[in-house]
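Here the structure comes first, spelled out in structure tokens, and everything after it is commentary.
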Amino acid sequence: MEKRPCKNCRRLIEISPQRPNQLFCNRKICQRVRKNNWQKKKIVSDEAYRQNQDDAQKRWLDKNPDYYKNYRENHPEYTEKNRQKQQERNRNKRVMCHQKSIFSEIAKMDVSRTKNPIMSGMYELSSAQDPSIAKMDVLIVDLSSISVSYAKKNVKIE
Ligand SMILES: [Zn+2]
């Protein structure tokens with residue numbers, strides 16, 4: 001008889017002719033994984049099924065209104081973990097928003113900058129190779145932007 005490893009626990013299962021597509025062994029945990037996988041696919045692919053599941057969950061929650069409250073009270077470590085994850089998501093979102101606003105500010109700046117993105121002015125210079133140096137002392141440099149045509153005439157670039 002043909003054998004193949006269970007998709008969950010990797011134990012070899014004997015494939016019977018009655019169930020040629022069997023992917024999981026008969027252990028309880030593996031059958032639960034199989035069912036969860038099936039359900040996840042079904043929820044994505046079947047609108048009616050998803051609606052049905054939502055409705056069933058709502059009905060159940062109506063009958064058990066304190067379920068989540070009790071769960072949180074009985075699983076403080078779960079609640080704490082969730083809270084930390086949410087804080088991290090919020091932090092990431094803030095960073096993303098900040099970056100987006102910087103990019104849109106840059107995009108709004110003078111069109112001439114597309115030719116020469118570095119404008120004259122004061123810049124903080126820090127080491128890209130060694131970030132610890134950058135933390136200790138930041139060099140302030142005064143950069144003067146010159147046009148390429150001026151540079152070609154007056155500055156020898158080696
Ligand atoms: Zn298994």
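Since the model is a prediction, treat every value here as computed from it, not as a measurement. In listed order, ligands and their atoms are each counted from 1.
Between E80 and R83 there is a salt bridge, since at least one side-chain N of the basic residue sits less than 4.0 Å from a carboxylate O of the acidic one.
Panel note: side chain R4, backbone Q22; a donor-acceptor pair is recorded below 3.5 Å. Of the possible polar contacts, one joining the Q31 side chain to the C25 backbone as a donor-acceptor pair under 3.5 Å is found.
Here the straight-line distance linking atom CD of Q51 with atom CD1 of I43 works out to 11.5 Å at 0.5 Å rounding. With rounding to the nearest 0.5 angstrom, the NZ atom of K93 is 8.5 Å from the CD atom of Q86.
Here 4 is the count of protein N, O or S atoms positioned under 2.8 Å from the Zn ion (ligand 1), waters not counted.
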List, one per line, each side-chain donor-acceptor pair under 3.5 Å for residues 57-72, sequence neighbours excluded.
unit_1, atom_1, unit_2, atom_2, d
N64, ND2, W60, O, 2.7
N70, ND2, D66, O, 3.3

